Amino acid sequence: MLKNIKGTHDILPSEVAYWQKMEQVFRSTPQKFGYQEIRTPIIESTDLFVRGVGEGTDVVGKEMYIFNDKGNDSITLRPELTAPVARAILQYNMLRSYPTCRLWYYGSCFRYEQPQLGRQRQFHQIGAECLGSQFPESDAEIIILANTILRNCEVPAFTLNINSIGTIEERQVYRKVLTEYLNDNSDTLSEDSRKRMSSNPLRTLDSKEPQDKAVVESAPNILDYLGAESSDRFSLIQELLRASEIDFTINPRLVRGLDYYSHTVFEFRTDLLGSQDALGGGGRYDDLFASLGSSTPTPGVGFGLGVERLILLAKKLSETNSSDPNAPYYSPVDTVIVSSPEYVKSVYQVATKLRSKGISVLTDIQQRGFKAQFRDAEKVHAKVAIIIGESEVEKNVLTIKNLILREQVEVNAQDGALLQIVQYIIRG
Ligand code: HAM
């Protein structure tokens, strides 16, 4: 039997309601902060992510879906959306008429990772990017927006970790101190962390290996290496989060896995999903545009939240787990038209009229008898059945049956009473 590809997930009709509920939040919340939606292609040139996300990162180094197309261009299925959004901003010169640009997005991302609960090869992100402001107010705004989306999605018990990794210069000094410290303690470190020590020592602070815990906990604190300006901007962000009634923890070991960050980094976490505990994260990326070839410095800050993880939590919360793949695939409708195959044209005429007025209508597509069609009416919770049978056609009428009160009336097939009565019954 053909099956979906490992690490991808079919969202069956029984599960779609969770997605639609969240998608409503995604559409309405960023707009309340003045963010506009942007949709970029799923495929981009490989170079965009190599330059934007960084060759040394796990995402670019190990996880990208890369292929050569028929023109022999190297194409990548996007592993994230920050680099594509930055590319679009540059390509369309979106900052030309106004100094800041606030954008949100929702879409699929692809990473070749080992699938497990909360980790897939195709997953979805809702995210936002605020471009053009180097001020900490924009960092706070982005964190508040992400926090509001999580709250509006009714995500239970999440925590927010924030940190500042300073400027490139500050990080260079810290990197040196940290590398020395790690070298001194390399005997006790895991193999993974020993490898990272030279390529990306800051990432050892992210290690989840129990073996690394003690060394990581006593590592030099990056916040001690920030200059006054960086410390002040980090303090203002904290004040603005407090003013917005947002709880957070300062976590000096939070560095995140993508190369483009500077200053603020943050992550939303949960205890309810095991090892895939990051619901989303983000940070400031003032050097990303330069790495994409822009000569104008363009500061930016943003976040991405993993939608599958939000859905897993929503399902955990829901008392009736309705994501049974064997659940029947019926969508509720207002009205069914019960008829026989010889009157199918009239059925389609009446259905068209009602649907054009916003009434949902189910018609039989299997040439079955009245009994089966009335059974369908029950399954789809219809309030009205319109009957077009032999006697109706002879009299040039339609029978409208109120399925709740079990009453019926006949109306002239041509006059407007049909619509009024159906609407009246549906509204209850
Ligand atoms: P990221 O931390 O790589 O950041 O991904 C954000 C979120 O996407 C993660 O916290 C997680 O919830 C979800 N996620 C990542 N990989 C997977 C996966 N394999 N399966 C399921 N969910 C996953 C970024 O992507 C940045 N672009 C965020 C950002 C925006 N930074 C600044 N602006």
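Numbers for residues simply follow the sequence, beginning at 1. First listed ligand is number 1; within each ligand, the first listed atom is number 1. Remember, it's a predicted structure, so these values are computed and weren't measured experimentally. Excluded from the calculations below are hydrogen atoms, water molecules and symmetry mates; all remaining heavy atoms, backbone and side chain alike, are included.
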Numbered atoms and elements of ligand 1 in range of Gly281, under 4.0 angstrom, heavy atoms: 28 (C), 29 (C)
Pair Glu15 + Lys315, salt bridge at N-O below 4.0 Å: yes
Residue-ligand contact Tyr105/ligand 1, heavy atom below 4.0 Å: yes
N/O donor-acceptor pair under 3.5 Å between Lys316 side chain and Leu272 backbone: yes
N or O pair under 3.5 Å between Phe303 and ligand 1: yes
Heteroatom distance test (Glu113, ligand 1): nitrogen or oxygen, under 3.5 angstrom: yes
Residue that, paired with Arg78, satisfies side-chain contact (heavy atoms from CB on, under 4.5 Å) out of Ile43, Thr40, Leu48: Thr40
Pro79 N/O under 3.5 Å from ligand 1 N/O: no
Under-4.0 Å heavy-atom contact with ligand 1, by part of Leu279 that carries it: backbone
Nitrogen or oxygen atoms of Glu308 and ligand 1 under 3.5 Å apart: no
Option nearest atom 10 (O) of ligand 1 (shortest heavy-atom distance, choices Gly283, Gly280, Gly302, Gly52): Gly280
Thr82 neighbourhood, listing ligand 1 atoms whose heavy-atom distance to it stays under 4.0 Å: 26 (C), 27 (N), 29 (C), 30 (C), 31 (N), 32 (C), 33 (N)
Atom indices of ligand 1, in the order listed, that fall short of 4.0 Å to a heavy atom of Gly118: 20 (N), 21 (C), 22 (N)
Lys208 with Asp206: basic N within carboxylate O range, under 4.0 Å: no
Side-chain ion pair, Arg39 and Glu37, N-O less than 4.0 Å: yes
Where ligand 1 meets Tyr261 - atom numbers and elements under 4.0 angstrom, heavy-atom basis: 26 (C), 28 (C), 29 (C), 31 (N), 32 (C)
Ala86 versus Leu288, closest heavy-atom pair with distance: CB-CD2, 3.8 Å
Backbone or side-chain N or O of Gly304 under 3.5 Å from ligand 1 N or O: no
Protein contact of atom 8 (O) of ligand 1 - nearest heavy atom, named by residue and atom, plus distance: Gln125 NE2, 3.2 Å
Minimum non-hydrogen distance to atom 22 (N) of ligand 1, winning option of Phe123, Tyr285, Tyr260: Phe123
Electrostatic pair Glu80-Arg111, nearest N-O below 4.0 angstrom: no
Test item, Phe268 contacting ligand 1 (heavy atom, 4.0 angstrom): no
Region of Gln276 engaging ligand 1 - heavy atom pairs below 4.0 Å: neither
Identity of the nearest option to atom 1 (P) of ligand 1, non-hydrogen atoms only, from Arg256, Glu80, Arg269: Arg256
Ligand-side contact atoms (ligand 1) for residue partner Ala278, heavy atom cut-off under 4.0 Å: 10 (O), 11 (C), 12 (O)
Minimum-distance protein heavy atom relative to atom 11 (C) of ligand 1: Arg309 NH1, 3.5 Å
Top protein contact for atom 24 (C) of ligand 1, by heavy-atom distance: Leu258 CD1, 3.6 Å
Asp139 vs Phe234, side-chain contact (heavy atoms from CB on, under 4.5 Å): CA-CA, chis, key distance, verdict: CA-CA 9 Å; Asp139 306 51; Phe234 192 41; over 6 Å; no
Subset of ligand 1 atoms that lie under 4.0 Å from at least one heavy atom of Glu129: 30 (C), 32 (C), 33 (N)
